[in-house]
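Each remark here refers to the structure printed beneath this line.
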Amino acid sequence: MPELPEVETICKYLRDGTETSPSILGYVIQSAQVLWPRTLATPDVDEFSRRLPGQSIQSINRRGKFVILSLTRNTLLIHLRMSGDLLVEAGDLAPALHHRMLINFQNGLRLAFNDTRKFGRVWLVDKPEQVTGDLGPEPLDEGFSAHDLYLRLQASRRQLKPLLLDQSFLAGLGNIYADESLNLAQLHPLENSQHVSETQAERLLDAIRRVLNEGILRNGASIDWVYRGGDFQNYFRAYDREGQPCLECGTLIQRIRVGQRGTHFCPKCQKLAE
DNA sequence: ACGAGCGCCTGTCGGC
DNA sequence: TGCCGACAGGCGCTCG
């Protein structure tokens, strides 16, 4: 799934629960099972399984695309990468086909990490900064200003699309929301970051925030086999809309390849400055 | 400092 | 129908 709005949606689901699923705050861990060992970035399976039992879930937060579960003594970080998902379910069910890790609680429920493509990773560490230390600012953080963004753009000379995907530049954007943000801000994905004016930087941050907030409001986007009820995919402006009319001017959306990622934009609204 | 290419995985889709 | 390549919401690693 995961870009910032989808990860935020999952955090909310775990923290607040839903009509059919409880919050896991305060749940006490009884045991852990790692069904696909490479899921575990650190420590090894033995130590992981030894340290978790007895700890409880103190808080659930997001930083960039990381889900962060603060436990009694340690911190559990989960990155869903391309196809990961977190589910609260009955502890006596047979593990589903793509379940990679199970955290069993004392109350008979469990947290399941489902990840078809096996790219997802889990860390159990003492300090979350050990994992999230290189992340750039949070785009929705009020303390992060358009001027801050402008200075960061000036400090680089990269193309905007790869820059927005770089988690050390800005945390949380992925391929969908980068395309959507650039389209709304009317900036070309290949534009050099040093050519972006202060006014354009303001427009870009505003666009990023609008797109992310709308994604969160709609519980993220649901595509293919990963479905959580989010419907932001019905409101895409550019992503996955090759050959369809731009919502602004009717010009057909183009798809190009940028840094091996499919990139969608309107050739009329998003002009290269050069 | 930066971009390109590839590896990691499974599944789906379109073309032949 | 079957096979095969391209592609997918991510990221870390090489290599120029």
Side-chain angles (χ1 to χ4, degrees), chain A residues 1-11 35-42 62-67 77-86 96-101 113-123 131-136 139 152-183 189-195 208 211-212 214-216 218-243 255-264:
Chain A
M1 279 193 132
E3 298 184 40
L4 188 154
E6 288 77 24
V7 177
E8 184 68 31
T9 299
I10 289 179
C11 284
L35 306 170
W36 176 256
R38 295 194 59 166
T39 296
L40 214 41
T42 190
R62 177 193 59 74
R63 172 80 171 97
K65 301 175 194 172
F66 288 87
V67 175
L77 297 101
I78 303 165
H79 198 301
L80 306 166
R81 295 282 179 95
M82 291 287 267
S83 59
D85 197 5
L86 290 169
L97 178 60
H98 300 305
H99 279 7
R100 308 304 180 196
M101 189 189 75
F113 179 44
N114 186 281
D115 183 25
T116 305
R117 292 178 69 182
K118 300 179 175 173
F119 290 164
R121 290 293 177 269
V122 173
W123 295 255
V131 181
T132 60
D134 290 335
L135 289 180
R152 291 179 80 83
L153 290 165
Q154 288 296 304
S156 168
R157 0 177 118 198
R158 299 174 63 185
Q159 298 170 327
L160 287 180
K161 175 73 185 280
L163 199 52
L164 291 183
L165 292 179
D166 183 339
Q167 301 300 298
S168 67
F169 179 79
L170 197 60
L173 289 191
N175 208 35
I176 293 177
Y177 294 89
D179 280 4
E180 293 297 301
S181 299
L182 289 170
N183 177 262
L190 298 179
E191 188 62 78
N192 185 305
S193 61
Q194 282 197 334
H195 296 164
I208 289 170
V211 161
L212 291 177
E214 194 187 350
I216 291 171
R218 301 194 181 282
N219 294 314
S222 306
I223 297 179
D224 298 339
W225 60 89
V226 183
Y227 178 76
R228 296 190 71 84
D231 65 347
F232 186 60
Q233 70 279 6
N234 298 324
Y235 301 88
F236 289 162
R237 305 169 52 88
Y239 182 82
D240 203 23
R241 292 194 65 243
E242 182 185 18
R255 182 180 188 278
I256 57 174
R257 203 112 185 128
V258 181
Q260 284 95 249
R261 311 299 301 276
T263 298
H264 315 73

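These values consider heavy atoms only, across backbone and side chains, with no hydrogens, waters or symmetry-generated copies. Each chain gets a letter, A, B and so on, in the order its sequence line appears, and its residues count up from 1.
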Restricting to ring pair (Phe, Tyr, Trp, His ring centres under 6.0 Å), what partner residues turn up for A:Y177, sequence neighbours left out?
A:F232
Residues A:R237, A:D179: salt bridge by 4.0 Å N-O rule
no
Report the residues that fulfil side-chain contact (heavy atoms from CB on, under 4.5 Å) with A:H79, sequence neighbours left out, ordered by chain and then residue number.
A:K65, A:F66, A:R81, A:W123
Partner set under side-chain contact (heavy atoms from CB on, under 4.5 Å) for A:A96, not counting sequence neighbours:
A:H99, A:N114
Stem finding on DNA chain C, please: runs of three or more consecutive Watson-Crick or G-U wobble pairs, both distances under 3.5 Å, sorted by first number.
B:2-8 with C:10-16, B:10-16 with C:2-8
A:Q154 meets the side-chain contact (heavy atoms from CB on, under 4.5 Å) criterion, sequence neighbours left out, with A:Y150
Report, as a single string ordered 5' to 3', how protein heavy atoms within less than 4.0 Å touch nucleotides 11-16 of chain C: B base, S sugar-phosphate only, - not at all.
S-----
Review item, nucleotides 5-7 of chain C N/O atoms under 3.5 Å of protein N/O:
from, atom 1, to, atom 2, distance (Å)
C:dC7, O3', A:R255, NH2, 3.4

Going by the rule side chain to side chain donor-acceptor pair (under 3.5 Å), which residues pair with A:D115 if we only count those two or more places apart in sequence or in a different chain?
A:S83
Touch class at under 4.0 angstrom, heavy-atom based, for A:Y177 against every strand present
nothing
Give a yes or no on whether A:D134 atom CG has more than 12 heavy-atom contacts from other residues, nucleotides or ligands under 6.0 Å away.
no
With sequence neighbours excluded, what pairs up with A:R62 under the salt bridge (charged side-chain N to carboxylate O under 4.0 Å, His left out) test?
A:E8, A:E138
List for me each residue that meets side-chain contact (heavy atoms from CB on, under 4.5 Å) alongside A:S156, sequence neighbours excluded, and say none if there are none.
A:R158, A:L163, A:S193
Any N or O donor-acceptor pair linking the side chain of A:E6 to the base of C:dG9 at under 3.5 Å?
yes
With a 4.0 Å heavy-atom cut-off, tell me which residues in residues 155-162 of chain A come close to DNA chain B, sorted by residue number.
A:S156, A:R157, A:R158, A:Q159
Under the salt bridge (charged side-chain N to carboxylate O under 4.0 Å, His left out) test, residues paired with A:E214 that sit two or more places apart:
A:R218
